[in-house]
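See below for the structure under consideration.
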Amino acid sequence: MEEVPAPASTTPAPATETEVVHQFDGLEVDAPRVGIVMGSKSDMPVMEKAGKELEERGIHHEMRVMSAHRDPDVVTEYARNARMRGLRVIIAGAGLAAALPGVVAAHTDLPVIGVPLLSRTSVAGGLDALLAITQMPPGVPVGCVGVDAARNAAVLAARILDA
Ligand code: RP5
């Protein structure tokens with residue numbers, strides 16, 4: 001009796017190890033896993049504490065200055081590409097009408113940790129930024145640490161990465 005060929009499988013063959021390795025060819029081994037962004041250069045002295053904490057823990061990170069109000073297109077592009085670039089958590093610090101963490105969270109599903117910052121013209125000791133960061137609409141969460149608590153944001157990011 002003539003043998004009938006088996007129908008072609010609709011499920012793809014399991015990937016070989018070589019194929020898996022090739023899929024990761026484009027990713028740098030030491031690509032940053034945490035993105036630290038801030039609304040102004042003036043935020044750097046405080047936000048550097050987050051970078052220092054991550055460095056001490058051996059967690060690759062990058063630091064960028066971009067303002068939700070002054071550079072909206074840059075922020076949008078950064079947030080939209082973040083996951084594809086290998087980032088897993090974003091720490092976003094801003095003072096005053098601190099829109100940066102919320103705008104980043106609007107464009108990525110990565111966890112975003114906001115750092116409300118004290119600035120020269122802050123009101124109520126940074127409460128302006130703290131409320132701007134925490135009072136997000138349902139469905140677009142931003143985690144938030146204390147005012148100027150950049151180091152805590154890094155500790156939290158490390159815990160998220162280990163989860
Ligand atoms: C915010 O306005 C920044 O995050 C910063 O904390 C504050 C003041 O910015 P500069 O006037 O110092 O650039 O957007």
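Predicted model, so just to flag it, every value in this text is computed and none were measured. Basis for what follows: all heavy atoms, side chains included, without hydrogens, waters or symmetry-related copies. Note that ligands are numbered from 1 as they come in the structure, with each ligand's atoms numbered from 1 the same way.
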Side chain to side chain donor-acceptor pair (under 3.5 Å) involving Ser42 - partner list, sequence neighbours excluded: Ser40
Those protein residues which place at least one heavy atom below 4.0 Å from ligand 1: Gly39, Ser40, Ser42, Asp43, Arg70, Ala94, Gly95, Leu96, Ser119
Lys52 and Glu48 ion-paired at < 4.0 Å: no
Set of salt bridge (charged side-chain N to carboxylate O under 4.0 Å, His left out) partners for Arg70, sequence neighbours left out: none
Residue list, side chain to side chain donor-acceptor pair (under 3.5 Å) with Glu62, at least two apart or on another chain: Arg64, Tyr78, Arg85
Validation row: Leu161, Ile59 side chains within 4.5 angstrom (heavy atoms): yes
Which atom of Val46 lies closest to which atom of Ala150, heavy atoms considered: O-CB, 3.3 Å
